[in-house]
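Convention: sequence-line order gives letters A, B, ...; per-chain numbering from 1.
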2 protein chains.
Amino acid sequence: MSESTGLRARKKERTRDAIGDAAVSLFLEHGFDRVSVNDIAAAAEISKPTLFRYFPTKEDLVLHRFADHQGEAARVVRDRRSGIKPVTALHRHFRAGLDRYEPVTGLNDHPEVVAFHRLVFTTPTLAGRLTQYQLEDEAALADALGEGIQARLRAAQVLAVQRVLARTNWQKIADGRAAHDVHPEAVADADQAFSQLR
Amino acid sequence: MSESTGLRARKKERTRDAIGDAAVSLFLEHGFDRVSVNDIAAAAEISKPTLFRYFPTKEDLVLHRFADHQGEAARVVRDRRSGIKPVTALHRHFRAGLDRYEPVTGLNDHPEVVAFHRLVFTTPTLAGRLTQYQLEDEAALADALGEGIQARLRAAQVLAVQRVLARTNWQKIADGRAAHDVHPEAVADADQAFSQLR
DNA sequence: GTTACTCGGTTAAAAAAGCAACCCGGTAAC
DNA sequence: GTTACCGGGTTGCTTTTTTAACCGAGTAAC
């Protein structure tokens with residue numbers, strides 16, 4: 001079938017996961033600023049230079065989970081079937097994310113996921129760097145949408161919508177509601193927001 | 001206490017264990033000749049050259065467990081307290097091994113250990129190489145005992161005794177008896193054999 | 001009788017990891 | 001105020017590992 005991933009690649013991936021998991025779990029337990037990169041390296045059983053070879057900065061240890069979705073919007077637009085408008089494709093994609101309760105949509109009530117989002121939103125340096133990521137994502141989406149100011153404006157608006165929707169969902173769940181319970185509202189919000197984009 | 005083992009050393013040890021364990025468990029399951037070094041490398045998730053950097057030959061993948069006791073007899077003799085004769089020290093050491101049911105003494109009825117010994121004894125190339133190890137051990141013991149033919153003779157006799165004792169114990173256990181049950185006989189045999197050496 | 005496997009074992013080059021030492025900004029000690 | 005430590009990152013240098021290719025002996029195919 002498809003286990004043709006070489007030994008090297010497999011181990012690198014595993015190391016990367018080990019570092020990321022160790023970091024996130026330590027951050028959740030003690031807070032971002034109270035955990036040093038040395039602690040993380042020790043927990044992941046790697047050396048400090050190795051850690052920085054996998055993640056350029058301390059913040060990326062947290063944000064790689066968002067980074068994994070990097071360029072997703074652009075890809076959705078590029079891969080849409082002919083005859084479908086970009087906004088429609090993005091709308092459907094986001095809705096599918098809601099139906100799968102994907103963490104990125106904010107609609108996920110697993111305690112770790114909720115705590116993880118709180119960690120990101122309440123740590124200034126993390127929130128700051130997260131917007132950096134989103135700006136890159138926006139640029140990629142703009143490229144996929146075409147050229148000129150028009151494309152860039154649309155890209156910005158789409159991502160703003162997604163950001164607000166995700167944040168809204170997360171807030172409701174952080175207030176104690178269950179994801180399943182919030183789902184209908186989340187879908188309704190998304191429908192409204194995306195149709196206003198057209 | 002003792003966490004001062006560097007990262008590198010710790011990982012090396014773990015890799016070595018992983019290879020050795022993978023090898024032995026595959027050998028026990030399928031037989032020495034029906035498992036290739038490639039299979040072992042794959043199971044241990046390392047490459048073939050790495051395997052051979054840890055173990056010089058395929059046989060050593062099995063025999064390293066004996067090799068870990070390499071030079072033990074010589075050390076026992078050298079480290080004996082003053083006033084104690086070499087044979088006495090070796091006798092006591094062997095007896096202590098019996099009391100701890102150490103696999104090397106043959107007096108151990110853990111299924112894996114029994115199967116492991118059967119594997120070694122019934123695979124000619126392994127049995128052959130095992131005697132090589134014992135010859136080196138014999139030379140070391142001879143050195144510890146002094147110089148000349150006299151020392152070499154004594155060394156040979158001591159190791160021969162230990163070999164026969166261990167083999168005898170193993171045979172009884174392979175016949176289905178419990179180690180605890182065999183223990184008194186094993187001690188008696190050892191006492192008799194060692195006192196005849198004097 | 002070549003051809004083409006497989007298997008134990010080796011080689012050379014390149015990637016990756018470890019280690020120790022360092023830079024720089026902050027901050028606590030005295 | 002300087003000394004000293006801690007934090008995030010970096011820099012060489014060495015050790016370890018992967019990769020792919022190979023050698024030489026055995027052996028099955030045809």
Atom [atom1] of [X] to atom [atom2] of [N]: distance rounded to whole Å?
X       : N      : atom1 : atom2 : result
B:Leu51 : D:dT18 : CG    : C1'   : 14 Å
B:Phe52 : C:dC7  : CZ    : P     : 12 Å
B:Arg53 : D:dT15 : CZ    : C1'   : 9 Å
B:Leu7  : D:dT16 : CG    : P     : 13 Å
A:Leu61 : D:dG7  : CG    : C1'   : 14 Å
B:Arg10 : D:dT16 : CZ    : P     : 16 Å
B:Lys58 : D:dG26 : NZ    : P     : 15 Å
B:Phe27 : C:dG8  : CZ    : C1'   : 11 Å

Gap between atom CZ of B:Arg10 and atom OG1 of B:Thr15 - 0.5 Å precision: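 The distance works out to 12.0 Å.
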From CZ (B:Arg92) to CZ (B:Phe194), nearest 0.5 Å: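 That separation rounds to 12.5 Å.
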Measure from the side chain of B:Thr57, starting at C-beta and using heavy atoms only, and say which of D:dG8, C:dG18, C:dG9 lies closest.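 Closest of the options to the side chain of B:Thr57: C:dG9.
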Around atom CD of B:Glu185, are there more than 12 heavy atoms from other residues, nucleotides or ligands closer than 6.0 Å?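 Yes, the 6.0 Å shell around CD holds more than 12 heavy atoms from other groups.
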Taking only side-chain N and O atoms of B:Lys11, does any of them lie within less than 4.0 angstrom of OP1 or OP2 on C:dA17?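 Negative; the distance criterion is not met.
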Side-chain N or O of A:Arg8 less than 4.0 angstrom from OP1 or OP2 on D:dT19?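 The answer is no; no side-chain N or O of A:Arg8 sits under 4.0 Å from OP1 or OP2.
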Scan side-chain atoms only and decide if B:Arg8 and A:Ser47 contain a donor-acceptor pair under the 3.5 Å cut-off.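 There is no such pair between these side chains.
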Between B:Asn169 and B:His183, is there a side-chain donor-acceptor contact under 3.5 Å, judged purely by atom types and distance?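 No.
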For residues 36-49 of chain A, which residues have at least one heavy atom under 4.0 Å from DNA chain C?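 By residue number: A:Glu45, A:Ile46, A:Ser47, A:Pro49.
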Heavy atoms within less than 4.0 Å of DNA chain C: which residues of residues 119-131 of chain B have one? Give them sorted by number.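 None - not one residue of the stretch has a heavy atom sitting under 4.0 Å from the strand.
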Taking NZ, NE, NH1 and NH2 as the nitrogens, is one of them in A:Lys172 or A:Asp189 under 4.0 Å from a carboxylate oxygen of the other?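 The answer is yes: the pair qualifies as a salt bridge.
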Got a salt bridge between B:Arg177 and B:Asp109, using NZ or NE/NH1/NH2 to carboxylate O under 4.0 Å?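 The answer is no: the pair does not qualify as a salt bridge.
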Base, sugar-phosphate alone, or nothing: which one does B:Tyr54 contact when heavy atoms must sit under 4.0 Å apart?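 Sugar-phosphate contact only.
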Applying salt bridge (Lys or Arg N to Asp or Glu O under 4.0 Å), which residue pairs with at least one partner in residues 60-83 of chain A are found, sequence neighbours left out?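 Those involving residues 60-83 of chain A are A:Asp21-A:Arg65, A:Asp60-A:Arg129.
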Measure across A:Val37 and A:Leu51 and return the closest heavy-atom pair with its distance rounded to 0.1 Å.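 Shortest heavy-atom contact: O-CD1, 3.8 Å.
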